[in-house]
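Notes to accompany the following structure.
Residue numbering restarts at 1 for every chain, and letters A, B, ... go by the order of the sequence lines.
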Number of protein chains: 2
Amino acid sequence: MDPEIDLLHHIKSFEAQLEDYLPGNSIDCVILGYESQQLKVLLLKWKNDGVWTLPGGFIKKTEHLDDAAQRVLQERTGLSSVFVKQFYTFGSSVRNKNPQISKPLYHLKKMEELSPNFLKWITNRFITTGYFALVDIKRIHPRPDAFSEVCEWKSLNALPPLILDHKEIITKALDHLKTQLNYLPIGISLLPKKFTMQDLRKLYEAILGKPLERSNFQRKLLKLGILIRHEKQMTGAANKAPYLYSFSEEKYYELIKNGIGFYS
Amino acid sequence: MDPEIDLLHHIKSFEAQLEDYLPGNSIDCVILGYESQQLKVLLLKWKNDGVWTLPGGFIKKTEHLDDAAQRVLQERTGLSSVFVKQFYTFGSSVRNKNPQISKPLYHLKKMEELSPNFLKWITNRFITTGYFALVDIKRIHPRPDAFSEVCEWKSLNALPPLILDHKEIITKALDHLKTQLNYLPIGISLLPKKFTMQDLRKLYEAILGKPLERSNFQRKLLKLGILIRHEKQMTGAANKAPYLYSFSEEKYYELIKNGIGFYS
DNA sequence: TCAAAAGTGTTATCTGTACACCCATGT
DNA sequence: ACATGGGTGTACAGATAACACTTTTGA
């Protein structure tokens with residue numbers, strides 16, 4: 001099937017339900033993962049255009065803002081029980097003035113088939129609320145939406161060009177991540193069930209952007225009493241094998257409720 | 001002039017400009033002050049009804065969300081250069097289902113003069129973004145808006161009944177205040193220019209909800225290097241007169257940028 | 001036997017906390 | 001004189017940070 005026809009079909013079906021959605025409000029998700037000692041964010045590449053965007057969506061008239069975010073997350077990753085949190089609302093009156101917003105639509109050959117009503121709706125001013133999610137990359141299978149051809153993880157150190165203010169949204173999400181570090185379930189959300197102490201340390205180093213002293217890190221975390229030690233993991237490397245650990249969930253969540261008082 | 005006629009006049013003039021405002025979005029301000037060793041919030045009491053609300057407003061189509069908050073703050077307090085910060089967006093789909101929202105309108109004898117268009121607009125679902133401000137109570141002169149008869153400070157320990165989810169909005173603002181304590185200009189915003197060490201300590205005690213050791217507090221704050229010591233203040237009490245202090249503004253703002261690393 | 005990373009030990013320094021002490025002030 | 005709150009001193013417990021030492025592993 002011609003992907004352009006397919007896209008047009010999707011737009012038309014959304015257009016038919018336009019009355020079910022709030023005009024002028026949207027949500028965008030900064031879905032963060034951790035892989036190869038790097039923080040990564042899940043992005044979509046639009047059809048017919050090639051610019052990248054954050055996964056986002058519109059809000060149904062009967063739907064809570066938080067539920068809209070959960071819905072988008074579920075649609076893109078297949079996950080329903082992950083950590084999601086609202087972090088900021090972007091309310092500039094000129095967010096939509098960037099011409100890139102409508103580019104993919106103008107590339108459609110059959111654009112004239114779309115109603116002026118819909119074009120007005122979609123190019124209107126939008127106030128968007130940012131949500132961020134922390135997920136274990138290995139557990140999810142990214143799926144592009146109707147408007148996109150690719151949905152994949154991008155390293156935060158090498159972001160592609162993004163539409164509108166999506167770069168700013170990511171920056172703000174990272175600020176939030178850093179200042180709220182002690183109250184967020186970083187380790188338990190971003191790492192696989194079992195991990196080594198080095199994995200955990202490298203994760204914190206990636207977030208904080210600075211090296212942490214190995215031996216002190218180990219002692220400090222063990223003393224928190226949230227780690228369960230498992231069997232050693234033979235890595236094949238020419239050195240002592242590290243233990244594997246997992247988190248004691250109840251203790252973990254109890255701890256971050258009052259702030260893990262970790263690194264400041 | 002009959003206050004009810006006056007109110008109706010205001011509503012009609014707003015109704016005439018309805019097209020200039022975003023439908024479905026609003027801002028609410030949690031304006032915090034400190035007086036008599038208590039944190040206080042600025043509230044409005046509606047005409048014809050008597051329930052209390054947070055000062056809030058609507059957003060012009062060409063206006064940044066932040067600017068709408070600044071505008072409301074300016075209108076209620078007369079202040080333009082105060083600390084304001086967005087803290088959360090409330091997106092429940094049933095926020096407006098509380099009957100209190102329209103009560104004051106229904107109390108109007110001449111309500112039938114209002115257009116159905118306006119009534120639909122105002123009773124629609126609204127997504128509201130909360131801003132909080134920190135101000136020196138002594139510097140401001142609260143002014144009620146067209147819909148209100150009273151605008152005054154209320155102690156956080158004894159809040160009157162509030163419309164809709166405004167209680168929840170205040171609670172969330174206080175959460176934000178506590179978790180962001182180290183990054184907010186608490187002292188410099190809430191206290192008068194000159195203050196005693198006891199004033200500053202009592203302020204922190206009010207926010208943290210627990211007593212702080214007098215002598216250690218003093219040493220800790222002096223060591224931060226953000227305080228300027230002035231002449232002693234003869235209080236008339238039968239004890240040693242305390243020094244007055246003021247903040248070194250540049251040093252203060254430099255410090256909170258990285259977090260004052262204060263009490264956790 | 002060697003290099004590399006893991007795990008544990010040691011020590012100096014800083015910070016938090018509690019409380020003791022003297023000082024200034026008005027009754 | 002004395003009660004009251006302000007300002008400073010001291011001493012101990014615990015946390016932090018830097019680095020040394022030993023152990024395990026595969027080449």
Integer-rounded Å distance: [N] [atom2] and [X] [atom1]:
X	N	atom1	atom2	value
A/L221	C/dG7	CG	P	13 Å
B/E231	D/dG6	CD	C1'	16 Å
B/K220	C/dC14	NZ	P	17 Å
A/L227	C/dG7	CG	C1'	15 Å
A/K223	C/dG7	NZ	P	18 Å
A/L222	C/dG7	CG	C1'	10 Å
B/K210	C/dT17	NZ	P	8 Å
A/Y243	C/dA5	OH	C1'	14 Å

How would you list all residue pairs meeting ring pair (Phe, Tyr, Trp, His ring centres under 6.0 Å) that involve residues 161-182 of chain A, not counting sequence neighbours?
A/F132-A/H176

Check whether any side-chain heavy atom of A/L162 sits under 4.5 Å from a side-chain heavy atom of A/V51, and report yes or no.
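In short, these two side chains do not touch, never coming nearer than 4.5 Å.
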
Only counting residues at least two apart or in another chain, list the ones meeting side chain to side chain contact (heavy atoms under 4.5 Å, CB included) with B/D66.
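Per chain and number, B/D66 pairs via side chain to side chain contact (heavy atoms under 4.5 Å, CB included) with A/Y88, B/H64, B/Q86, B/Y131.
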
side-chain contact (heavy atoms from CB on, under 4.5 Å) partner of A/F83, chosen from A/L190, A/L134, A/L32:
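That would be A/L134.
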
Spell out protein contact along nucleotides 18-26 of chain C as letters: B when the base is contacted, S when just the sugar-phosphate is, - when no protein heavy atom is under 4.0 Å; keep the 5' to 3' order.
BB---BBBB

Between B/F247 and B/F195, what is the ring plane arrangement, given parallel below 30°, perpendicular above 60°, and tilted in between?
tilted

When you measure from the side chain of B/D199 to the backbone of B/T196, do you find a donor-acceptor pair of N or O atoms at a distance under 3.5 Å?
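Yes, because the side chain of B/D199 sits within donor-acceptor range (under 3.5 Å) of the backbone of B/T196.
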
Under 4.0 Å between a side-chain N or O of A/Q218 and OP1 or OP2 of C/dA6?
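So the side-chain polar atoms of A/Q218 never come under 4.0 Å of the phosphate oxygens OP1 or OP2 of C/dA6.
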
